[in-house]
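Below you'll find the structure, written out as C-alpha cells, and then a few comments.
Computed from a predicted structure; not experimentally measured.
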Amino acid sequence: MGNEINTIKPRKIAIVCFSAISNVAAIVPQLYSLTKRYPDNEYIVISRSFLKPLFSSLSNTTFIGADIRGVHSTAKGIFLLFKELQKHNPDVLLDMQLSWRTKLLSLFCSINKIKSYSINIDKKDQHRLTSKGADKYHPIRTIFQRQEELYKRIGLLCDSTFTSLPEPTPIQKQKITDTYGEKGNAFWVGIAPFSMAKGKTLPLKKMKNVLSALDKEPNTKIFLFGAGEMENEMLNDWQSIYHNVYAVHTKLQLDEELALMYHLDIMLTMDSANMHLASLMAVPVISIWGATHPYAGFVGWKQDINNCIGVDFSCRPCTIHKDTPCKYGDYRCLESIHSTKIIDTILKFKPKEKENG
C-alpha cells in the first residue's frame with residue numbers, strides 16, 4: 001500500500017488529514033494549483049469539520065467534515081467516514097498525516113480497491129536536524145515539497161501560483177467594520193501569542209513587553225488570536241489592560257478570523273497554526289522559534305525566512321513539532337529572544353505615512 005508509482009491522473013482524488021490546523025492549512029496552496037491545472041479532476045478533502053472554510057473557495061473540491069473527538073473517534077467511526085467517502089467514488093486516497101485514523105481509512109480504501117498513498121515524513125532528515133552534527137543547520141524538505149512529491153507519484157504536477165484565499169465578502173467586511181471600526185490608514189497588527197507546546201511559546205513577560213510597546217504606537221490596533229479556555233481568559237485580561245488591544249476569539253468564527261487577517265499589515269505568531277492561516281491570506285508573518293526551527297520545513301507558505309526569529313544553541317532544535325521538555329529546564333532558546341528585536345521587526349512593516357494617522 002502506497003509504494004507503487006502511478007503516472008495516470010486519477011479523476012477523483014481524496015485527501016485526508018486530521019492533524020494540527022497548521023498541517024491542514026498547508027494543504028491549501030498545492031491543492032489550489034491542482035484545481036487550476038487539472039480542472040476536470042474532482043478533489044475530496046476529509047478533515048475536521050471546523051476547517052471547512054479553508055477549502056470552500058476551491059473549485060471542484062468537496063469537503064467531508066469529521067468529528068474525531070466524537071462520532072469518528074473510534075475505528076467504527078472511521079469506517080463510517082469511509083462509507084461517506086465511498087459515496088464519492090474516489091480513485092485514490094492521499095494520506096497527509098500517517099496517524100492511526102488515516103492509516104485505517106487507507107486500509108478500508110485498499111480493501112475496497114481504492115489505491116492509497118502516503119506522504120513521506122523524512123524521519124532520517126528530521127533526526128539529523130535535531131542531532132549535534134556539523135550539518136544540522138541545513139534545511140530539510142518543506143511540507144509543501146513533500147506534498148508536491150506525493151502528488152507527483154500519482155501523476156499530478158503542482159506549482160506555486162497560489163497567493164491568497166479570496167478577499168472577504170461584503171458581509172464579512174461589514175462584520176469587521178462593525179466590530180473593530182474602519183481600518184483606514186491605521187496600522188493593524190495581529191498577534192497569536194500561544195502554541196500547544198511550552199517550548200514553542202514566547203515567555204509571557206516578553207509578550208507583554210511587545211504588547212505594551214505596540215499599544216503606545218499612534219494609529220495602531222493589535223488583535224489577539226487564540227483558542228482554548230485558559231488562553232481566552234488571558235487574552236481578555238490583556239484586552240482590559242491595554243487601550244488598543246482586542247481579543248478576537250470572543251467575536252469571530254474561523255472564516256471571519258481569516259477575513260480580519262486579510263486586513264492586517266503584519267502578524268506575529270509562534271511556530272503555530274496562525275502562521276499558516278495568515279499565510280493563506282498573504283499576510284507577512286514574523287514567527288518565533290524556540291525548541292523547533294524553521295529549517296524543519298514548516299514555515300508558512302511564501303513567508304520570508306528572515307522574519308523567523310530565534311537564537312541558535314547546540315541543543316536547538318530539540319524537536320520537530322512535539323512538546324519536548326527542555327533538558328536544561330530553563331527554555332534558554334526562548335528566554336534569549338529579546339523583546340526589542342520583535343518590536344523593531346514588527347515596526348518595520350509600519351509605513352511611514354501611517355504614523356501620523
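Without hydrogens or angle criteria, Thr130 side chain to His127 main chain gives a donor-acceptor distance under 3.5 Å. Put simply, the side chain of Gln97 never gets that close to the backbone of Val16: no donor and acceptor are under 3.5 Å apart. Between the side chain of Asp122 and the backbone N or O of Asp125, no donor-acceptor pair lies under 3.5 Å. Thr201 contributes a side-chain N or O that, together with a main-chain N or O of Ala197, makes up a donor-acceptor pair within less than 3.5 Å. For Asp215 (side chain) and Asn244 (main-chain N/O), a donor-acceptor pair under 3.5 Å exists by modelled atom type. No donor-acceptor pair under 3.5 Å is formed between the side chain of Arg11 and the backbone N or O of Asp91. With Asp330 contributing its side chain and Arg332 its backbone, the two residues share a donor-acceptor pair below 3.5 Å. Checked by atom type and distance alone, the side chain of Lys12 pairs as donor or acceptor with a backbone atom of His88 at under 3.5 Å. Between the side chain of Arg316 and the backbone N or O of Trp289, at least one donor-acceptor pair lies under 3.5 Å. Using modelled atom types, no side-chain atom of Tyr32 and backbone atom of Leu165 make a donor-acceptor pair closer than 3.5 Å.
Ion pairing between Asp344 and Lys348 fails under the 4.0 Å rule for side-chain N and carboxylate O. Using a 4.0 Å cut-off between a side-chain N of Lys or Arg and a carboxylate O of Asp or Glu, Lys208 and Asp237 do not qualify as a salt bridge.
For the ring-ring contact (aromatic ring centres under 6.0 Å, His included) with Phe223, the qualifying choice from Phe187, Tyr262, Trp188 is Trp188, the only one to do so.
By the neighbour-count criterion of 12 heavy atoms within 6.0 Å, atom CD of Glu233 is sparsely surrounded, having that number or fewer from other residues, nucleotides or ligands. The number of heavy atoms from other shown groups lying within 6.0 Å of CD1 (Ile305) is above 12. Within a 6.0 Å sphere centred on NZ of Lys198, heavy atoms belonging to other residues, nucleotides or ligands number 12 at most. In the displayed structure, Lys206 atom NZ is contacted under 6.0 Å by more than 12 heavy atoms of other residues, nucleotides or ligands. The 12-atom threshold is not exceeded at CD of Gln253, counting heavy atoms of other residues, nucleotides or ligands nearer than 6.0 Å.
A donor-acceptor pair shorter than 3.5 Å can be found between the side chains of Ser212 and Lys216. Gln172 and Lys175 share no donor-acceptor pair across their side chains, judged by distance under 3.5 Å alone. In this model, a donor atom of one side chain and an acceptor atom of the other lie less than 3.5 Å apart for Asp95 and Thr102. Checking Gln174 against Asp178 by side-chain atom types alone, a donor-acceptor pair falls below 3.5 Å.
Residues Phe50 and Phe225 are members of one and the same hydrophobic cluster, defined by side-chain heavy-atom contacts under 4.5 angstrom among Ile, Leu, Val, Met, Phe, Trp and Tyr. No chain of hydrophobic side-chain contacts below 4.5 Å, direct or via other Ile, Leu, Val, Met, Phe, Trp or Tyr residues, connects Phe144 to Ile140. Taking hydrophobic clusters as Ile, Leu, Val, Met, Phe, Trp and Tyr residues chained together by side-chain heavy-atom distances below 4.5 Å, Leu204 shares a cluster with Ile222. There is no path of hydrophobic side-chain contacts, each under 4.5 Å, that joins Met196 to Leu254.
Using the six-membered ring where Trp is involved, Tyr246 and Tyr180 have ring planes that are perpendicular, over 60° apart on the 30 and 60° scheme. Ring planes of Phe108 and Phe79: perpendicular class, angle over 60° (limits at 30 and 60°).
Looking at heavy atoms from C-beta onward, Tyr117 lies in side-chain contact with Ile154 at the 4.5 angstrom threshold. For the pair Ile346/Ile343, no side-chain contact is recorded, criterion being any heavy-atom separation below 4.5 Å from C-beta on.
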key: Derivation of the side-chain contact (heavy atoms from CB on, under 4.5 Å) call for Val283 and Leu277   = CA-CA 9 Å; Val283 178; Leu277 294 177; over 6 Å; no
request  = Give the C-alpha distance, both sets of side-chain angles, the deciding distance and a yes or no for side-chain contact (heavy atoms from CB on, under 4.5 Å) between Val285 and Asn307.
outcome  = CA-CA 7 Å; Val285 175; Asn307 291 328; over 6 Å; no
message = What verdict does the side-chain contact (heavy atoms from CB on, under 4.5 Å) test give for Leu93 and Ile46, after you've listed the backbone C-alpha separation in whole Å, the side-chain angles of each residue and the deciding distance to 0.1 Å?
response = CA-CA 10 Å; Leu93 175 74; Ile46 310 108; 4.2 Å; yes
query = side-chain contact (heavy atoms from CB on, under 4.5 Å) between Ile114 and Leu85: does it pass, once the steps are laid out?
reply = CA-CA 11 Å; Ile114 301 170; Leu85 173 61; 5.9 Å; no
